[in-house]
Amino acid sequence: MTDVPKDLSEIGKASKKTIFGKKKIRKDGAEGKIVNVEPVEKLQREDRNMWICYSSRDSMNTLKLYESLKSKLEAKEWIFDGCPRGTMYDFYEEYLRPFGALLVKMEREGMLVDRGYLSEIEKIAVAERNLAADKFRKWASKYCPDAKYMNINSDAQILQLFFAGRENRDTPGETLPQSKTFRVPNDQSVAPEGKRTSKFRTIKLCGIVENPEVTFSSSVSLDTLKTWPELPDQDVEEVSLYGTAYEVFGGGKKGKEACHAIAALFETRSIAKLISSFIVPLQEDHISCKEGRIHCSLNINTETGRLSARTPNLQNQPALEKDRYKIRQAFVAAPGNSLVVADYGQLELRILAHLTNCKSMLDAFKAGGDFHSRTAMNMYEHIRDAVHEKKVLLEWHPQPGQEKPPVPLLKDAFGAERRKAKMLNFSIAYGKTAKGLSDDWKVTVDEARDTLKLWYRDRKEVSAWQKRQKELVREKCEVYTLLGRSRHFPNMTHAGSSKKGVERAAINAPVQGSAADVAMCAMLEIERNVRLKELGWRLLLQVHDEVILEGPTESAETARAIVVECMSKPFYGTNILKVELAVDAKCVKSWYAAK
DNA sequence: ATCGCGTGCCAC
DNA sequence: AAACGTGGCACGCGAT
């Protein structure tokens, strides 16, 4: 703890060693250079396209960059939702500089983390991980003794066990050897006969598959292996429910054991991931200062204008079912305080509706209710008929005295169709193709293409808009967000991807970037709100379409209402979009409770 | 020991 | 050739 600065204002004076105690220095050396709590603009990092990069903790020295960029910004026209508004320097003055200042405040504020809770769940997680790991090792070592000491986290070792001697279908010519030696950490302090224990030991792994011909045509990869165990529900003695591994290991009891062992392997890995990525780092001193608050760095350094967060990245904490140890429960309000957690509903889809001016989508949002159900209805005639004949309900708001809906809900009666519609809603903005869908749904490409056509059937404006973005990127090498941020694509290639890849990115960038614009405006609106400030509420974190504030519990409800208002009308108290902005907000004691 | 890179996986 | 966009980061492993 002595290495941790008392507060953030001391950080700038400290050396990298004292700040980051261990070896957490990035390869670009960002941490070490400047850690400054004063707003310092960092503009146009060479390797990024978007206009402004801004951060307190990650800033490099920037006055020079600022001057050179000012002229660059002044030379670029600013088009706000289709209307000329001056230059991008005006945009910078009005939005980005205040936003940057706000990010600095949020970084300083930090989020309170319950480290006692984390250490409790760490014990449980470690025990469960070890249990699963032992289960797998015990099984595998029946076929290959040294598997007892293998590193379950090593892809190479796992692949060697399951695919020894096999040629990789995806990379013809590459064949794994029958057996291979690995150097592994000697965690279990196993001393070879007559020798003292050493830090490493060498093990020899050979194939454990009994009937390799069963899986001969599949590819040598972890993805393939993942599909092997398909475990039946408990107490179901239906052999056919077991997956590939059942056959591969000779069926019967041995086959079942194999399925359970492989499941244990992936369970081990997923628990290990939770421990090493979240539970452990969140407890480390060099991130969390003594008051127990964690200060991540919030950066505007993405291609689309979203924020990114690092050291630690608080934007990828496990959510929902994947959060088996309820990690989000460790993010709490200070005593006497509460959190307001507010998020937009289907923000990117609403943006897409606005940008494309798609009547069907705009109508669906105007009608309210379950958007995915409405999409399913518009896609399938038989569902439309059922709705017209009042055989199913699109959505249902229970009246007092009613316990269940008079007729089935669409999402129950046509669950499969709604799931498809929902997946399409999420995928289309990303540029997903029929091929990708066919893989996901395990149907032919033609069938996937037909389903895609159904989605686009009443959304012609979307295809037209996507076509226009492709033209834009071809003609001007740029596409634009709602507020006029641009994403530049030099030479129609980026990150080594193909022309098609650029087109997908060009379709996605305005949607993702405009959503980021809305989120930024909402945060500025919240920051400008005098009442929230008087009541003592502070923004702590943004996760793309979600914001978290902390303040006194007694005013939590008031604050919640104000936040909803700010987010619904994020453009100086108005909403310039053609769609409503739906906001869901909760007053809670921990992040987990907001689910 | 330390690096750079590839892979996999967490989020929205 | 690839087939879903934007991120951060832990880990293994070969090279230095």
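Convention: sequence-line order gives letters A, B, ...; per-chain numbering from 1.
Side-chain atoms of A:Gln157 and A:Ile203, non-hydrogen and from C-beta on, do get closer than 4.5 Å to each other. You'll find the side chain of A:Asn299 stays beyond 4.5 Å of the side chain of A:Leu307, heavy atoms only. A:Met361 has its side chain within reach of A:Val462: a pair of non-hydrogen atoms, C-beta onward, lies under 4.5 Å apart. Counting only heavy atoms from C-beta outward, the side chains of A:Arg350 and A:Tyr344 never approach each other to under 4.5 Å. In this structure, A:Gln469 and A:Trp465 have side chains that are in contact, with non-hydrogen atoms separated by less than 4.5 Å. At least one side-chain heavy atom of A:Ile121 sits under 4.5 Å from a side-chain heavy atom of A:Leu118.
The interatomic distance linking A:Gln157 (CD) with C:dG12 (P) rounds to 9 Å, in whole Å. Between the CG atom of A:Leu452 and the C1' atom of C:dC4 there is a distance of 12 Å, rounded to whole Å. Taking atom CD1 of A:Ile279 as the reference point, atom P of C:dC9 lies 18 Å away to the nearest angstrom. A:Arg310 has its CZ atom 17 Å from the C1' atom of C:dT6, to the nearest Å. Per the geometry, CG belonging to A:Leu349 stands 17 Å off P belonging to C:dG5, to the nearest Å. Whole-Å rounding puts the A:Leu298 CG to C:dG7 C1' distance at 13 Å. The distance from atom CD of A:Glu303 to atom P of C:dG8 is 11 Å, rounded to the nearest whole Å. One interatomic measurement links the two molecules: CZ of A:Arg449 to C1' of C:dA3, which rounds to 11 Å at whole-angstrom precision.
Donor-acceptor pairing under 3.5 Å is recorded for the side chains of A:Ser219 and A:Thr224. Residues A:Tyr592 and A:Gln317 have side chains that never bring a donor and an acceptor to within less than 3.5 angstrom of each other.
Here A:Ala309 lies in heavy-atom contact (under 4.0 Å) with sugar-phosphate atoms only. A:Ser427 comes within 4.0 angstrom of no nucleic acid atom, judged by non-hydrogen atoms across all strands. Residue A:Ala429 is classed as having no contact, given no heavy-atom separation below 4.0 Å to the nucleic acid.
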Any chance you could encode DNA chain C as dot-bracket? Rule is Watson-Crick or G-U wobble with both distances under 3.5 Å; [ ] for pairs crossing earlier ones, | for another strand.
-> ....||||||||||||
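Taking the six-membered ring for Trp, A:Tyr95 and A:Phe91 have ring centres closer than 6.0 Å. Ring to ring, A:Trp228 and A:Phe163 are close: their centroids are under 6.0 angstrom apart.
Nearest to the side-chain atoms of A:Lys432 among the listed nucleotides C:dA10, C:dC4, C:dC9 stands C:dC4.
Residues forming a ring-ring contact (aromatic ring centres under 6.0 Å, His included) with A:Phe371 (at least two apart in sequence, or on another chain): A:Phe365.
For residues 270-282 of chain A, there are no salt bridge (Lys or Arg N to Asp or Glu O under 4.0 Å) pairs, not counting sequence neighbours.
For A:Ser276 and C:dC11, the shortest distance from a side-chain N or O to OP1 or OP2 is below 4.0 Å. Contact annotation: A:Asn151 side-chain N/O to C:dC11 OP1/OP2 distance is not under 4.0 Å. Taking side-chain N and O atoms only, A:Thr304 has no distance below 4.0 Å to OP1 or OP2 of C:dG5. The phosphate of C:dC4 has neither OP1 nor OP2 within less than 4.0 Å of any side-chain N or O from A:Arg504.
Using a 4.0 Å cutoff on non-hydrogen atoms, no part of residues 119-132 of chain A comes near DNA chain C. Listed by residue number, A:Gly436, A:Asp440 are the residues of residues 436-448 of chain A with a heavy-atom contact under 4.0 Å to DNA chain C.
Residue A:Cys566 is tested with A:Val583, A:Val547, A:Ile526 for a side chain to side chain contact (heavy atoms under 4.5 Å, CB included); the sole match is A:Ile526. Partner of A:Asp440 under the side chain to side chain donor-acceptor pair (under 3.5 Å) criterion, chosen from A:Lys435, A:Lys420, A:Lys432: A:Lys432.
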Letter per nucleotide, 5' to 3', of nucleotides 6-12 of chain B [B base touched, S only sugar-phosphate touched, - untouched; heavy atoms, 4.0 Å] | -SBBBSB
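Taking the C1' atom of each, C:dA1 and B:dC9 are spaced 25 Å apart, rounded to whole Å. Across C:dA2 and B:dG6, the matching P atoms stand 14 Å from one another, rounded to whole Å. Taking the C1' atom of each, C:dA3 and B:dC5 are spaced 25 Å apart, rounded to whole Å.
When atom types are taken as modelled, the side chain of A:Ser514 and the backbone of A:Asp517 share no donor-acceptor pair closer than 3.5 angstrom.
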